[in-house]
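Step one of this worksheet: look at the structure below.
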Amino acid sequence: LAPEPGDGVRDAASEIYRLADALSDSLGDRPTVLVFDDVHWADPDSVRLIRRFIALVDDLPVLVIVAGRPLGLDAPAPLAELFASLARAGAVRLELGGMPADSVQDFVFTRSGIEISVDLAADLMSRTGGNPFFLAETVRALAAAGALSDREADAWATVPTAVRDVVRHRLADAPPSTTSLSCVAAGLGRSFARTLLRQPPLAELLNNVEGLDEALDSALVLGFLESDGPGRYRFVHALVRDAIYEALPDTKRERIHAHVAAALERRHAGHWDDHSAEPAEHHRLAGPAYARPAWLFAHRTAESAIAR
């Protein structure tokens, strides 16, 4: 596909057309499957090249697969144009979800030779979201620890190294506001309300609270978060949340929990009967300096439970 010697320097548009023509010509009449994976990461010129190439292969024995994450409203124009052109061309669209529990059972048996119960399969599905990569790494780690059939084993709370590396790499490439949001949200748990992130003093931990909605949209597009109902979000997989949480230094983790506890106190002031357990836990996780408020809220939780 390299240009011929002496062709000189071409502008980007001319080079895209040349490469697309060269690629389609190289296929000839051979049946071919061509896969463009992770196109959401592609630069604009690469996306334009894919779009141009697809327009040239209508009469060739070629199966073209374009794989990428769902587009948000703020998707780059070249990427939006590519998917729009695919739709106009009548491309078959497949939405891939996570593996269901029965498939998880089969997957685990194929990988490890161990039969697990439906309940354990459901736990694995919940923790990994049915993501094949996350599932494979989790099964490998649990099998190596001899804990695949023991839900109470410590290994179930550990993030596999390969998963942790992938999540951290993706987070490092995210905008700073998205990284800051994801770290604070990891301290809130698997699911959280947007309004709590705006609640002082928790909002102070975000790089730019005014850009919160933009950061949330970015986290949705990058696949860290998903909608969990009106005004609520959740991490797409428990492993994603745990990988981000485990990467936080102890001091930052404690500071997040202290701010979450304070935000919850403001939010539920005067209405503690049904809301004292959560601040009790966040005060506990905030470290020894918060032992007294942790005990007070835990005591209030116990009294409310007894009263019922």
Side-chain angles (χ1 to χ4, degrees), residues 126-129 131 133-134 137-138 141 145 154-226 228 232-267 277-291 293-294 297-298:
S126 174
R127 183 154 177 75
T128 64
N131 179 295
F133 169 68
F134 288 171
E137 294 301 319
T138 300
D154 292 341
W156 277 79
T158 303
V159 179
T161 302
V163 174
R164 184 168 61 244
D165 291 343
V166 167
V167 172
R168 290 177 182 178
H169 175 72
R170 286 170 51 194
L171 195 63
D173 289 339
S177 60
T178 305
T179 301
S180 175
L181 163 70
S182 300
C183 291
V184 173
L188 291 171
R190 175 81 187 274
S191 175
F192 58 92
R194 178 177 54 194
T195 53
L196 186 59
L197 289 170
R198 293 188 179 277
Q199 180 76 53
L202 185 58
E204 299 169 7
L205 296 179
L206 301 175
N207 284 342
N208 176 19
V209 71
E210 298 303 321
L212 174 60
D213 289 341
E214 183 179 339
L216 285 167
D217 289 342
S218 174
L220 289 168
V221 171
L222 292 173
F224 294 122
L225 301 177
E226 63 186 3
D228 193 29
R232 293 194 62 84
Y233 299 85
R234 58 181 279 162
F235 285 94
V236 290
H237 314 298
L239 281 176
V240 171
R241 181 264 172 186
D242 290 353
I244 296 172
Y245 185 78
E246 287 183 8
L248 296 173
D250 289 345
T251 52
K252 184 172 183 178
R253 197 181 301 166
E254 290 177 353
R255 187 164 66 254
I256 290 173
H257 284 298
H259 280 67
V260 172
L264 288 169
E265 286 187 48
R266 288 195 179 194
R267 186 178 190 182
E278 200 172 359
E281 179 65 2
H282 284 289
H283 276 305
R284 183 185 71 81
L285 293 171
Y290 295 87
F297 277 102

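Only heavy atoms go into these numbers, but all of them, side chains included; no hydrogens, no water, no symmetry mates.
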Value rounded to 0.5 Å, distance of CZ in R198 from CG in L196: 12.0 Å
Within residues 168-189 or reaching into it, pairs that qualify as salt bridge (charged side-chain N to carboxylate O under 4.0 Å, His left out) - sequence neighbours excluded: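 Listed once each, the pairs would be none.
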List the residues meeting salt bridge (Lys or Arg N to Asp or Glu O under 4.0 Å) with [X], not counting sequence neighbours, and say none if there are none.
| X | result |
| --- | --- |
| E278 | none |
| R190 | none |
| D154 | none |

Sequence neighbours excluded, every pair satisfying ring pair (Phe, Tyr, Trp, His ring centres under 6.0 Å) that has a member inside residues 247-266: Y245-H257, H257-H282
Can you name the residues that form a side chain to side chain contact (heavy atoms under 4.5 Å, CB included) with [X], not counting sequence neighbours?
| X | answer |
| --- | --- |
| E281 | R284, L285 |
| P288 | none |
| A277 | T301 |

Under the side chain to side chain donor-acceptor pair (under 3.5 Å) test, residues paired with S182 that sit two or more places apart: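 Testing S182 for side chain to side chain donor-acceptor pair (under 3.5 Å), a comparison that skips the adjacent residues, returns none.
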Partners meeting side chain to side chain donor-acceptor pair (under 3.5 Å) with N131 (sequence neighbours left out):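 For N131 there are no side chain to side chain donor-acceptor pair (under 3.5 Å) partners, ignoring immediate neighbours.
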Set of residues satisfying ring-ring contact (aromatic ring centres under 6.0 Å, His included) with respect to Y290, sequence neighbours excluded: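 ring-ring contact (aromatic ring centres under 6.0 Å, His included) list for Y290, sorted by chain: H283.
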Any idea which heavy atoms bring [X] and [Y] closest together, and the distance?
| X | Y | value |
| --- | --- | --- |
| S218 | T178 | OG-OG1, 2.9 Å |
| I256 | G187 | CG2-CA, 3.9 Å |
| A215 | S177 | CB-O, 3.8 Å |
| A162 | E137 | CB-OE1, 3.5 Å |
| L181 | A219 | CD2-CB, 4.3 Å |
| A280 | A298 | CB-N, 3.6 Å |

R241 (side chain) donor-acceptor with A186 (main chain) under 3.5 angstrom: yes
Main-chain N/O of T195 paired with R267 side-chain donor or acceptor, under 3.5 Å: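 Pair absent, no side-chain N/O of R267 close to backbone of T195.
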Verdict with reasoning, D228 to R194, per salt bridge (charged side-chain N to carboxylate O under 4.0 Å, His left out): CA-CA 11 Å; D228 193 29; R194 178 177 54 194; over 6 Å; no
Ignoring hydrogens and angles, write down the donor-acceptor pairs under 3.5 Å from the side chains of residues 232-239, residues two or more places apart or on other chains.
residue : atom : partner : partner atom : Å
R232    : NH2  : S191    : OG           : 3.0
R234    : NE   : E226    : OE2          : 3.3
H237    : ND1  : T128    : O            : 2.8

